[in-house]
Protein chains: 2
Amino acid sequence: MNERVVPPAARRRRRPTKQGVVLSEELIVGTALRLIEEHGADALSVRRLGRALGADPSSLYRYFRTADDLLLAVADELIGRTLHAWHPTGDWRADLRDLGLRMHAGALAHPRAAVLGSYRVTGRVHEIRAVEAILGVLRGAGFPDPEAVRIYHAFVDQALAHGALDSASAAMPRAARDAEAAVWRATYARLPGDTHPHIAATARHLVADMAHSSYPAALDLLLDAAAARLAAAAPASRS
Amino acid sequence: MNERVVPPAARRRRRPTKQGVVLSEELIVGTALRLIEEHGADALSVRRLGRALGADPSSLYRYFRTADDLLLAVADELIGRTLHAWHPTGDWRADLRDLGLRMHAGALAHPRAAVLGSYRVTGRVHEIRAVEAILGVLRGAGFPDPEAVRIYHAFVDQALAHGALDSASAAMPRAARDAEAAVWRATYARLPGDTHPHIAATARHLVADMAHSSYPAALDLLLDAAAARLAAAAPASRS
DNA sequence: CTAACAGGTCAACCGTGTTGTCATAAGGTG
DNA sequence: CACCTTATGACAACACGGTTGACCTGTTAG
């Protein structure tokens, strides 16, 4: 219950670690991201992060109240990077598609942060900028406010949720992933047509489709539906 | 590397536990589900499950190779129960909507199993039945095979992914959940209109919408898009 | 120059999945 | 019925995880 964390503003004494490192929130978040990128999502633990930083694990609790809080900071940093690489063109549908794919890729690379960021609000700068930008695209396209918010919500959750899911799949050892594909080929593709007519009829497509992420297709479906609603709501300005 | 697990068919000796319980795959899976339902998703661990069963934790490794395998069995059982409660009417859209909501609810109650089941194939009976049923609905509605598979994939992943996400949110302690809502009200709803025009304009809707799951709306969007594609592909039989 | 205290460190606690080893009762066999 | 094999349960241990209370020390304000 003791509060170990000091608000960033009040930080004064920058005392170096035994190994000579001067800690800071930014350094910790940056190192965490590097750790994940180099050794996978599971490589991020308080203890490993401490080791990578050259500091005792417990030191991190001077900067973040819990491991989740640390991950939230990582999530916000990720949002910032994703948004930074995104250059909207004015075509709402193309812009959202591009952003969705970028968010998905980011979430795929950092699943734990994505999961956390999807159901918790960081309230940090990058997140706020992202919300503003996406809402801007939707409202600029002509979506009425309630609809814009609804689509914003579905869009963001979809990107993060699929990202988290797909990254779990990507994290499996090679052998296990191959075994999964084998189940589709060995079990599903061999079901007799008289007991399982629909699987038998689509087996070819199932084997091919289930090996990939469903996200791009799902994203296009969402954008399709949004476009249809926009067309229905707006009196039709063109075509 | 030693294989401790014996295939169910070869099981003969039903030796009771010290506490007098006779183990079986079904009993273990059933107890796991009960544990989750009574004490939340995090209550499921090999050790706790062992305790709940009245058996040493290590005994479970005679039935499942790893904790993940156990969870996969739980997932398949869940699929079975969900499917069992579902009564299709012949209206593809209503049927899928109903099934989607049921799957989402199931995933919400059993997030870890849902996550696992979303990127791994169990290849067990219930899963196969579910795949056959959903494909049947889609093909019956007139979707061409490749499209049916694509929509099947997006539909299933969406239900499971959103379920996993929402359950993470539901698992937060009350206080934390209230704190989240407070961020929307205190931070987002107070941003000035000149720096964040879009957030300011939609603040009311944001506060209301972000408190709920985006799944129902996302599901409707997906079904909208599917219906549109069906209408475009089929020469239009009615209306 | 000195006193206060921020912040780094250490050791410990309790939880997790998993495995090597042992012991014993079940059940087929004669 | 008695014996032997072996399936299966139990035990103890390992490595890893997050977290915290207590301590110690360098930095900095006064």
Side-chain angles (χ1 to χ4, degrees), chain A residues 1-25 27-28 31-32 35-36 39-72 74 112 116 171 173, chain B residues 1-25 27-28 31-32 35-36 39-74 112 116 173:
Chain A
M1 282 305 125
N2 244 350
E3 191 50 272
R4 291 173 110 111
V5 178
V6 171
R11 286 195 180 274
R12 291 216 170 68
R13 317 194 176 174
R14 322 263 51 184
R15 175 185 183 173
T17 273
K18 237 187 181 180
Q19 305 185 30
V21 186
V22 176
L23 296 179
S24 71
E25 198 170 315
L27 179 64
I28 295 173
T31 306
L35 214 60
I36 295 176
H39 303 99
D42 290 342
L44 186 62
S45 74
V46 178
R47 295 174 123 98
R48 277 157 104 114
L49 182 51
R51 221 179 304 137
L53 280 163
D56 190 88
S58 62
S59 305
L60 304 185
Y61 288 86
R62 301 276 182 210
Y63 293 83
F64 300 95
R65 291 190 333 109
T66 80
D68 268 15
D69 272 11
L70 165 56
L71 223 47
L72 267 190
V74 171
R112 294 179 36 208
L116 216 60
Chain B
M1 279 305 127
N2 244 350
E3 191 49 272
R4 289 173 110 111
V5 177
V6 172
R11 286 196 180 274
R12 292 216 171 65
R13 316 194 177 175
R14 323 262 51 184
R15 177 183 183 174
T17 275
K18 237 186 180 179
Q19 305 184 31
V21 186
V22 176
L23 295 180
S24 72
E25 198 169 316
L27 179 64
I28 295 174
T31 306
L35 214 59
I36 295 176
H39 302 98
D42 290 341
L44 185 62
S45 74
V46 178
R47 295 172 124 96
R48 276 157 103 114
L49 182 51
R51 221 179 304 137
L53 279 163
D56 189 88
S58 63
S59 304
L60 304 186
Y61 288 86
R62 300 277 180 210
Y63 294 83
F64 301 95
R65 292 193 330 120
T66 77
D68 268 15
D69 273 10
L70 164 57
L71 223 48
L72 268 188
V74 171
R112 293 178 38 208
L116 217 61

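Side chains are part of it too, since the values below use all heavy atoms of this structure and drop only hydrogens, waters and symmetry mates. Numbers restart at 1 for each chain; the letters A, B, ... are given by sequence-line order, proteins then strands.
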Query raised in the report: Roughly how many Å is it from CD1 in A/Ile28 to P in C/dG7, rounded to a whole number?
Result: 11 Å
Query raised in the report: Within the distance-only criterion (no hydrogens, no angle test), does the side chain of A/Arg48 pair as donor or acceptor with the backbone N or O of A/Leu35 below 3.5 angstrom?
Result: no
**Report entry** Heavy-atom donor-acceptor pair, B/Thr17 side chain to B/Gln19 backbone, under 3.5 Å
**Finding:** no
Report task. Send over the distance from B/Tyr63 OH to D/dT8 C1', rounded to a whole Å. Result -> 7 Å
Query raised in the report: In whole angstroms, how far is the C1' atom of C/dA6 from the CG atom of A/Leu23?
Result: 13 Å
Query raised in the report: Say you draw a straight line from NZ of A/Lys18 to OG of A/Ser59; how long is it, rounded to the nearest 0.5 Å?
Result: 11.0 Å
Query - Length of the line joining A/Phe64:CZ and C/dG8:C1', which is rounded to integer Å - result: 16 Å
Requested in this report: Calculate, to the nearest 0.5 Å, the distance between atoms CG and CZ belonging to A/Leu23 and A/Arg62 respectively.
Outcome: 11.5 Å
Query - Any residue meeting side chain to side chain donor-acceptor pair (under 3.5 Å) with A/Asp56, in chain and number order, not counting sequence neighbours - result: A/Ser58
Query - For DNA chain C, the residues among residues 51-59 of chain B that have a non-hydrogen atom under 4.0 Å from it - result: B/Ser58
Report task. Please report, rounded to the nearest Å, how far the P atom of D/dG18 is from the CZ atom of A/Arg112. Result -> 7 Å
Query - Pairwise side-chain contact, A/Phe64 with A/Leu72, heavy-atom cut-off 4.5 Å (strictly under) - result: no
Query - Between D/dC11 (P) and B/Leu60 (CG): distance, integer Å - result: 14 Å
Query raised in the report: How about B/Leu44 and B/Leu71: do any of their side-chain heavy atoms sit closer than 4.5 Å?
Result: yes
Report task. Send over the distance from B/Asp42 CG to C/dT16 P, rounded to a whole Å. Result -> 10 Å
Report task. Determine the minimum heavy-atom distance between B/Ala32 and B/Val74, stating which atoms define it. Result -> CB-CG2, 4.0 Å
Polar pairs (N or O, both sides) under 3.5 Å between protein and nucleotides 23-25 of chain D?
residue : atom : partner : partner atom : Å
D/dT25  : O4'  : A/Arg15 : NH2          : 3.2
D/dT25  : O2   : A/Arg15 : NH1          : 2.8
D/dT25  : O2   : A/Arg15 : NH2          : 3.3

**Report entry** Sole candidate of B/Asp69, B/Ile28, B/Thr66 that passes side-chain contact (heavy atoms from CB on, under 4.5 Å) when paired with B/Leu60
**Finding:** B/Ile28
Report task. Taking only the side-chain nitrogens and oxygens of B/Lys18, find out if one of them lies under 4.0 Å from OP1 or OP2 of C/dT24. Result -> no
Query raised in the report: Please give, in whole Å, the distance from C/dT18 P to B/Arg48 CZ?
Result: 17 Å
Query raised in the report: Side chain of A/Arg47: nearest nucleotide among D/dT19, C/dT18, C/dT9?
Result: D/dT19
Report task. Using heavy atoms to find the nearest nucleotide of DNA chain C for B/Asp68 and B/Pro16 separately, return the residue whose nucleotide is more 5′. Result -> B/Asp68
